[in-house]
Every structure is written in structure tokens, then in C-alpha cells.
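As C-alpha cells, the structure follows; a few thoughts come after it.
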Amino acid sequence: MANRKLGDATLERIWATIEDIPPGRVANYGQVAELAGLPRGARLVCYALRVVPEERRIPWFRVINAQGRIAIAKDSPGYKEQAERLRAEGVVVNGGRVDMRKFRWEPDLDELLWKPSVSWDQS
DNA sequence: CCATTGACCGGCT
DNA sequence: TAGCCGGCCAATG
């Protein structure tokens, strides 16, 4: 991979973070960067997505921009695919936009909802 | 040090 | 609501 601007460790953290986004929810670039330990590194996420190997099937379609819109060009094939795959798991997409208030991934909240046992009884 | 790259972000017309 | 603009970061040559 000669045309890579990011190191393996960085790419790995970004990809892993994206893999953590649960089905039916979306995250924006800045959020993924932040969770990956790269504050304000939204553009690094763009790059990471661009070079992600085909065999590694990460849920790239769950990543949209901070305005709640699909980031790929509307006339590209990927745009349609992203919308379809999101709808397939229950995310409502209208004119390329998603209501972030309803579908934004909130890691902390999900922890509480899906893994109630993790810890509010231990300190 | 400078330029380059990326499916961005936030503030401001 | 829609653009424009400057800023943003990691890594490379």
C-alpha cells in the first residue's frame, strides 16, 4: 500500500471504531475520529474509509456527516447503496438525510440499554 | 519546512 | 436553506 498517508495503528483504530457502531444507528466522521482518539480528525476518517481493504467488511454505510446527510456524491453508485443498507436495518433516510436526533449512535447510552450489568454498582 | 490528501466541520454571510 | 471559507489532522516525499 504505497499510497497510504496514515499508519497501520491509526487506520486500525478508525476501522475498529466504525465496527463498533451498532446496526440501526449512525455516527458522523468527527465522532468516529474522536472515539478513535483523534480529536478533530474527521478527515482522517475519510482517508481511512477510502483505503479500507475490500475483504474487511466494515459498516462504512453507518458513517455520515455531521449534518446528518450521506456524504457520498448523490450521483455515485455508493450513495444509493448506503441509503438502502441503512434502510435495511431500520434507519429512515429521506433525500439522503437521517434524523440524527433519533439515529445518532450514543455509545454511553447504548451501554446502559444493552449491557445493564456493566457497572453502576461497582465503583 | 512545504505541499498533498481525504465520503469533514463549524461559523458566518 | 445554501454556499463559501478557513481550519483541521496524520503521514509521506
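Just so it is clear: chains get the letters A, B, ... in the order the sequence lines come, proteins before strands, and each one is counted from 1.
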Margin query: Between A:Trp15 (side chain only) and A:Ala48 (backbone N and O only), is there a donor and an acceptor less than 3.5 Å apart?
Written below: yes
Next item on the list: Would you mind reading off the distance between A:Arg4 atom CZ and C:dA10 atom P, rounded to a whole angstrom?
Entry: 16 Å
Item checked: Residue A:Arg43, side-chain atoms from C-beta onward, closest of B:dG6, C:dC9, C:dA10 -> B:dG6
Check: Could one point to a donor on the side chain of A:Tyr47 or the base of C:dA10 with an acceptor on the other under 3.5 Å away?
Finding: no
Margin query: Closest approach to the side chain of A:Trp60, judged atom by atom: which nucleotide of B:dC9, B:dA7, C:dA10 is it?
Written below: B:dA7
Check: Which whole number of Å gives the distance between the P atom of B:dC12 and that of C:dC8?
Finding: 15 Å
Next item on the list: Check the distance between C:dC9's P and A:Tyr29's OH and give it to me in whole angstrom.
Entry: 19 Å
Notebook entry, point to check: For the pair made of CG in A:Leu38 and C1' in C:dA10, what is the distance, rounded to whole Å?
Noted result: 8 Å
Note to self: By nearest atom, which of the nucleotides C:dC9, B:dA7, B:dC9 is closest to the A:Arg50 side chain?
What the structure shows: B:dA7
Checklist line | Side chain of A:Leu44 - closest among B:dA7, B:dG6, B:dC9 | finding: B:dG6
Item checked: Atom-pair distance (CG on A:Leu35; P on B:dC8), nearest Å -> 18 Å
Next item on the list: Rounded to the nearest angstrom, tell me the gap between atom CD1 in A:Ile64 and atom C1' in B:dC9.
Entry: 14 Å
Note to self: Using the side-chain heavy atoms of A:Leu49, tell me which of these nucleotides is nearest: B:dC9, B:dA7, C:dA2.
What the structure shows: B:dA7
Check: Is a side-chain donor or acceptor of A:Thr10 paired with a backbone partner of A:Leu6 at a separation under 3.5 angstrom?
Finding: no
Check: Do the side chain of A:Arg69 and the main chain of A:Ile64 share a donor and acceptor less than 3.5 angstrom apart?
Finding: no
Item checked: Nearest-angstrom distance from the residue atom CZ of A:Arg40 to C1' of B:dC9 -> 11 Å
Notebook entry, point to check: Atom CD1 of A:Ile70 and atom P of B:dC8: how far apart are they, to the nearest Å?
Noted result: 13 Å
Checklist line | Nearest-angstrom distance, P atom, B:dG11 to C:dC9 | finding: 16 Å
Next item on the list: Heavy atoms only: give me the nearest A:Tyr29-A:Leu49 pair and the separation to one decimal.
Entry: CE2-CD1, 3.8 Å
Note to self: Rounding to an integer number of Å, can you tell me how far A:Trp15 CH2 sits from B:dA7 P?
What the structure shows: 15 Å
Next item on the list: Report yes or no: does A:Gln82 contribute a side-chain atom to a donor-acceptor pair with the main-chain N or O of A:Pro77 at less than 3.5 Å?
Entry: no
Checklist line | C:dG7 to B:dC2 separation - P atoms, rounded to the nearest Å | finding: 15 Å
Checklist line | First of A:Leu6 and A:Asn28 reached from the 5' end of DNA chain B, by closest nucleotide | finding: A:Leu6
